Amino acid sequence: MTSSEKSSLLLIPDRPVGFIGYGAYVPRYRLPGSAVARVWRFSEGGSPVKEKAVAGLDEDVITMSIEAARNALARAGIAASELRAVWIGSESHPYAVKPSGTVVAEALGATTSVSTGDWQFACKAGTEAIVAAMGLVGSGMGKYALAIGMDTAQGRPGDQLEYTAGSGGAAYIVGPADEALAVIEAAYSFVTDTPDFWRRQEQKYPEHGQRFTGDPAYFKHIHSAAETLLKETGTSASDYRFAVFHQPNPKFPQRAASLLGFNDEQIKDGLLVPVIGNTYAGAALIGLSAVLDIAQPGDRILVTSFGSGAGSDAFALRVTEAILERRGKAPSTAAYIARRTEIDYGTYVRFRGKLAMK
Amino acid sequence: MEIPRHWRIKSQRYGLVGEVCPHCEIKIFPPRDVCPNCGGEAKEEYIFSGRGEVYSFTSLYDGPAGFEETTPYTVALIKLEEGPVVTAQLTDLGDASVEIGMPVEMVTRRIRSDGDERGMLIYGYKFRPLGLGPR
């Protein structure tokens, strides 16, 4: 297909690209939904999740990104010095000013010939970084680019978000399609100005528009992005073995999948929110890492993120033979989820800095 | 504020980057440019695997300045598989009890903040029990 024949809507670089490595990270602490319910006694319903992952006292987006990226490099089998970009998408960068990416790049050994930056687009900051990495690699500016979606998600004490706001994410190395374990056949981004969820400068906790977060925000953007990608690529739900959607709770992705014609079998392996919570910028990407851990060559995967504010990035992936020999080179997503220490609400309050020490 | 001190040793702190002696091939950590074994010049970079075992350990309930908010924690002497012994905190212990000889692997974690909440964040190596899978 020449450039002039390409769909004008899809994001397809001149040089085909794909993921040559990926790596997940989930911290070991778990806060059960029942522990939140015991303290806050919400009026309606119970916890939407069994439990959520909580970062330890010595963890943040920088340390978690380093571990996920080391896993991605191990699978890719390249030296960190070959990366031309280290881009991190998050809502929880430890510094307001000073890039997470410089620490991560230095720790990986990717400095000094590297573009580094932090991305912000609520829960789709990670997939935004992947779209940019596709551009960098697909234009020939660099052979490999690292894009990470990682969060230690915030929720105000007493807000329903306390049930779900979790910690975790995944790292992806974008490179030439002929080296990929999953080729990115096409991407599509759908964006509008929709104020469904935000956190103002210097505020500790986010605000959200309650029910406004559903139809006009999550569902409209996810549906429009995925539907346009399917239409423009001439594919339908049945062509994909797996689908992964942004997952703020279990119900939203299940309904979004069903509206697009996907069944429970196609989404169950990438639906991690019941056991790790909503990892914000990490959510869709760690769902994808769980799918890549089990996918077979030839499988097609549809991934659609959602970021409040609002927008969605949708990707059509095709898994290659390379997955078979590369996925065993780093810990699986399931291994991180199985590593588990349950904590109570008091410990959670301490770990997440919700306890005033002075 | 001790910015230059932390900045100068960031490579060894973040990624266990040491040296290998070109004369006697001993692995050196922390890097010191002179081989502690044969006395020859040793400036060749060597990245340690991060695997090792607990040589000895102790737990701190009353931490020194800068570490008050993370007590209690366990500090160990870790014998790296390449030979050198380093001092570091153990992390992610969960309910596991620490034992001499316990296999561990390096992770890069937040060590502390330089001063109060306005200070720079200091990152560096800690070790956790081995067992997640290959790396």
Side-chain angles (χ1 to χ4, degrees), chain A residues 23-30 55-67 69-71 73-75 79-80 93-96 98 100 102-111 293 326-343 350-351 353 355 357-358, chain B residues 3 6-18 45-50 63 66-75 88-96 105-114 116-135:
Chain A
Y25 184 73
V26 183
R28 77 170 298 145
Y29 303 100
R30 299 287 180 278
L57 278 172
D58 60 358
E59 296 189 280
D60 60 25
V61 161
I62 287 178
T63 67
M64 293 160 58
S65 294
I66 290 169
E67 180 152 350
R70 283 180 178 148
N71 289 337
L73 282 167
R75 287 200 175 96
H93 292 293
Y95 287 95
K98 187 190 182 308
S100 301
T102 54
V103 185
V104 174
E106 191 81 46
L108 298 176
T111 48
D293 285 341
R326 274 185 231 170
R327 69 175 150 216
K329 292 184 173 175
S332 68
T333 314
Y336 279 107
I337 294 172
R339 182 184 75 134
R340 175 184 178 281
T341 299
E342 191 172 311
I343 57 173
R350 183 185 176 198
F351 280 9
L355 194 62
M357 301 287 281
K358 57 185 170 187
Chain B
I3 295 170
H6 298 299
W7 171 77
R8 204 171 285 127
I9 59 170
K10 60 184 184 292
S11 293
Q12 51 173 285
R13 275 253 187 88
Y14 293 172
L16 280 180
V17 179
E45 185 179 286
Y46 177 82
I47 300 170
F48 283 76
S49 70
F67 294 88
E68 302 94 334
E69 292 185 10
T70 50
T71 54
Y73 56 86
T74 301
V75 172
Q89 278 191 36
L90 299 182
T91 190
D92 284 0
L93 288 168
D95 304 322
E105 63 181 343
M106 187 275 280
V107 288
T108 309
R109 292 292 170 92
R110 192 193 280 202
I111 304 292
R112 64 182 173 94
S113 126
D114 186 23
D116 60 16
E117 64 279 357
R118 294 179 305 163
M120 70 173 279
L121 297 169
I122 300 163
Y123 296 90
Y125 53 78
K126 292 190 180 184
F127 289 80
R128 72 171 171 210
L130 196 64
L132 260 168
R135 167 81 61 76

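Just so it is clear, the structure is predicted and the values come from calculations on it, not from any experiment. Quick note on labels: first sequence line is chain A, next is B, and so on, each numbered from 1.
With hydrogens and angles ignored, the 3.5 Å screen pairs a side-chain donor or acceptor of A:Arg350 with a backbone N or O of B:Glu69. Distance alone, capped at 3.5 Å, places no donor-acceptor pair between the B:Tyr123 side chain and the A:Val104 backbone.
Note on B:Lys126 versus A:Glu59: no salt bridge recorded, every NZ/NE/NH1/NH2 to OD/OE distance being 4.0 Å or above. B:Arg109 and A:Asp60 are not joined by a salt bridge, as no carboxylate oxygen comes within less than 4.0 angstrom of a charged side-chain nitrogen. Ionic pairing of A:Asp58 and B:Arg110 is not present here: no N-O contact between side-chain nitrogen and carboxylate oxygen is shorter than 4.0 angstrom.
Annotation: the span from B:Leu121 atom CG to A:Ile62 atom CD1 amounts to 6.5 Å, rounded to 0.5 Å. Note that OH of A:Tyr29 is 5.5 Å distant from CG of B:Asp92, once rounded to the nearest 0.5 Å.
The most heavy-atom pairs under 4.5 Å with chain B, out of A:Val103, A:Ile66, A:Thr111, come from A:Val103. Of the residues considered (B:Val17, B:Thr91, B:Leu16), B:Thr91 shows the highest number of contacts with chain A, using heavy-atom pairs under 4.5 Å.
Residue A:Leu355 qualifies as enclosed at atom CG: its count of foreign heavy atoms under 6.0 Å is above 12.
Side-chain contact between B:Arg128 and A:Arg339 is present, with heavy atoms from C-beta onward closer than 4.5 Å. When side chains are defined from C-beta on, B:Thr108 does not count as touching A:Glu67, because their heavy atoms never get closer than 4.5 Å.
With a threshold of 4.5 angstrom between heavy atoms, B:Gln12 does not approach chain A through any atom at all. In this structure, chain B has heavy atoms under 4.5 Å from both the backbone and the side chain of A:Thr63.
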